[in-house]
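Working notes, beginning with the structure itself.
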Amino acid sequence: MKAAYHTFIHSKKANASGSHGCLKFLRSDIWSACHLGRSNVLSKATFFLVCTALLTLFLATGCSRVLFNEEEAADDAANTILQTIEENDLSILAPMLAPCATEAADLQEGLSYAHSLLDGPIVSIERRGTSYGSATRGLLRSKSILGGYDIATENQEYRLCFEYYPYNTIDDSKEGICCVYFETQETYQGSSKAPDGLWHYGAPYERPGIYYPRWQVPQDKFASEAAS
C-alpha cells in the first residue's frame with residue numbers, strides 16, 4: 001500500500017489516547033483482583049463479584065470506546081477501497097464487503113468504472129464530511145459509518161463516499177461495506193444541478209455495490225436489461 005493512503009489531514013487521536021488511559025486503569029484493577037483471588041485473599045465468590053462489577057463498569061463507561069475507534073475504522077475502509085480502485089482488484093476489498101454488496105451482479109462493472117477515472121497515483125486523502133451512527137434493538141447492535149473523503153492525484157480531484165457497518169447484528173446482510181461511490185470532484189459538485197442529484201445517500205437508484213452511471217437507470221428497467 002502506498003504511503004499516500006496514510007496521509008489523512010484530520011486524524012484525531014485525543015479521544016483514543018484518553019480511552020487507553022481508562023483501559024490501562026481498568027486492566028490494573030482486574031489484574032489486582034485476579035492476583036488476590038489466586039492468593040486466596042478473596043473467596044471465589046467475592047472474586048467473581050469483583051470481576052463482574054469491574055466488567056460492568058467497563059461496559060457502562062466511555063472506556064469501551066477504546067475497543068472501537070470510529071475514525072480509524074473509516075480510514076481503514078477508505079484505504080482499502082482506494083487500493084482496490086487503483087489496482088482494479090476486487091479481491092482486496094472482498095473481505096470487507098457486506099454480503100449484500102458481494103451479491104451485486106454489477107460489482108466488477110462499478111470497480112472498472114472507478115478505476116477508469118483514476119488519473120495517476122493518489123497524492124492526498126482528506127477525511128471530509130464523514131459521519132457516524134449507532135443503533136440498538138434489544139441485545140442487537142449496529143455501528144454505521146457514512147464515509148466522505150476528498151482525494152487528489154497530481155492531475156485530478158475526486159470524491160469518495162461509502163456506507164460501512166463495521167458490525168451489524170441487527171441486519172447481518174449489511175455488515176461490512178455496503179455501497180461505494182467514487183467520482184471526479186467536477187462531476188460530484190455538479191450533481192446539485194441534476195434533478196435528483198448525481199448521487200447521495202438515500203438516492204432512489206442507490207443500491208449495494210460500487211457506483212457507476214447505469215445505477216441511474218430505474219432498477220426494474222436495469223434488471224430486465226441485465227436479464228436479456
Side-chain angles (χ1 to χ4, degrees), residues 1 5 8 67-118 125 127-151 158-184 187-188 191 196-223 226:
M1 187 179 298
Y5 292 137
F8 290 94
L67 298 178
F68 183 80
N69 185 299
E70 295 172 333
E71 292 180 346
E72 287 184 0
D75 291 352
D76 287 345
N79 289 342
T80 305
I81 292 168
L82 291 171
Q83 185 184 7
T84 300
I85 292 173
E86 187 169 52
E87 299 186 22
N88 197 22
D89 184 356
L90 268 176
S91 67
I92 298 171
L93 186 60
M96 294 188 71
L97 284 175
C100 62
T102 302
E103 296 169 1
D106 57 351
L107 195 59
Q108 183 59 57
E109 286 85 347
L111 176 58
S112 297
Y113 174 75
H115 177 72
S116 71
L117 296 175
L118 202 57
I125 307 170
R127 189 192 313 118
R128 186 184 296 276
T130 297
S131 60
Y132 313 94
S134 59
T136 303
R137 186 179 300 167
L139 297 178
L140 305 178
R141 297 174 181 273
S142 71
K143 171 67 69 175
S144 61
I145 297 175
L146 299 182
Y149 289 78
D150 290 338
I151 314 298
Y158 303 89
R159 182 66 175 171
L160 169 67
C161 301
F162 56 87
E163 181 180 2
Y164 175 35
Y165 293 83
Y167 58 86
N168 189 349
T169 56
I170 296 176
D171 182 359
D172 56 10
S173 72
K174 296 184 71 175
E175 183 171 279
I177 296 173
C178 298
C179 179
V180 174
Y181 170 84
F182 184 79
E183 258 293 0
T184 63
T187 302
Y188 175 75
S191 65
D196 295 321
L198 176 66
W199 189 91
H200 57 87
Y201 294 112
Y205 47 81
E206 181 187 346
R207 64 192 73 173
I210 303 175
Y211 169 86
Y212 70 120
R214 280 180 62 90
W215 273 18
Q216 296 179 73
V217 177
Q219 290 222 31
D220 53 350
K221 182 178 179 181
F222 181 85

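The analysis underlying the following values was restricted to heavy atoms, covering all of them including side chains, and did not include hydrogens, waters or symmetry mates. Predicted, not measured: the structure shown is a model, and the values here were computed from it.
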Thr136 side chain to Arg141 backbone, donor-acceptor under 3.5 Å: no
Separation of Arg137 CZ from Ser142 OG (nearest 0.5 Å): 8.5 Å
Distance in Å, Thr80 OG1 paired with Ile85 CD1, rounded so as to fall on 0.5 Å steps: 11.0 Å
side-chain hydrogen bond (donor to acceptor under 3.5 Å, both in side chains) partners of Ser112, counting only residues at least two apart: Gln108
Donor-acceptor pair, side chain of Thr187 and main chain of Glu183, under 3.5 angstrom: no
Shortest non-hydrogen separation from Ala74 to Phe162 and the atoms involved: O-CZ, 3.5 Å
Short side-chain to backbone donor-acceptor contact, Glu175 and Asn168, under 3.5 Å: yes
Check ion pair Asp106-Arg214 (N to O, under 4.0 angstrom): no
Nearest-0.5 Å distance that lies between atom OG in Ser144 and atom CD in Glu163: 7.5 Å
For Gly129 against Arg159, the heavy-atom pair lying closest together: CA-NH2, 4.3 Å
Residues forming a ring pair (Phe, Tyr, Trp, His ring centres under 6.0 Å) with Tyr132, sequence neighbours excluded: none
Rounded distance (nearest 0.5 Å) linking atom CD1 of Ile81 with atom CD of Glu86: 14.0 Å
Verdict with supporting geometry, Leu118 and Ile151, side-chain contact (heavy atoms from CB on, under 4.5 Å): CA-CA 10 Å; Leu118 202 57; Ile151 314 298; 5.6 Å; no
Tyr188 versus Cys161, closest heavy-atom pair with distance: CE1-SG, 4.5 Å
Within the 6.0 Å centroid threshold, strictly below: Tyr211 and Tyr181: yes
Distance, nearest 0.5 Å, that separates OG of Ser134 from CD of Glu70: 7.5 Å
Over all atoms of both residues, closest heavy-atom pair of Ala101 and Gly209: CB-N, 3.9 Å
Validation row: His115, Glu87 side chains within 4.5 angstrom (heavy atoms): no
Whether Tyr149 side chain and Asp75 backbone form a donor-acceptor pair below 3.5 Å: yes
Given Leu117, Asp150, Ile125, the one that forms side chain to side chain contact (heavy atoms under 4.5 Å, CB included) with Tyr158: Leu117
Pair Asp171-Tyr165, side-chain donor/acceptor within less than 3.5 Å: no
Derivation of the side-chain contact (heavy atoms from CB on, under 4.5 Å) call for Val180 and Ile177: CA-CA 8 Å; Val180 174; Ile177 296 173; 3.7 Å; yes
Closest non-hydrogen atom pair between Asp89 and Leu111, with its separation: N-CD2, 3.8 Å
Atom of Pro208, atom of Ala104 and distance for their closest heavy-atom approach: O-CB, 3.6 Å
Gap separating the CD1 atom of Ile92 from the CE atom of Met96, nearest 0.5 angstrom: 12.5 Å
Heavy-atom side-chain contact between Ile145 and Pro166 under 4.5 Å: yes
Residue pair Thr130 / Leu146, side-chain heavy-atom distance below 4.5 Å: no
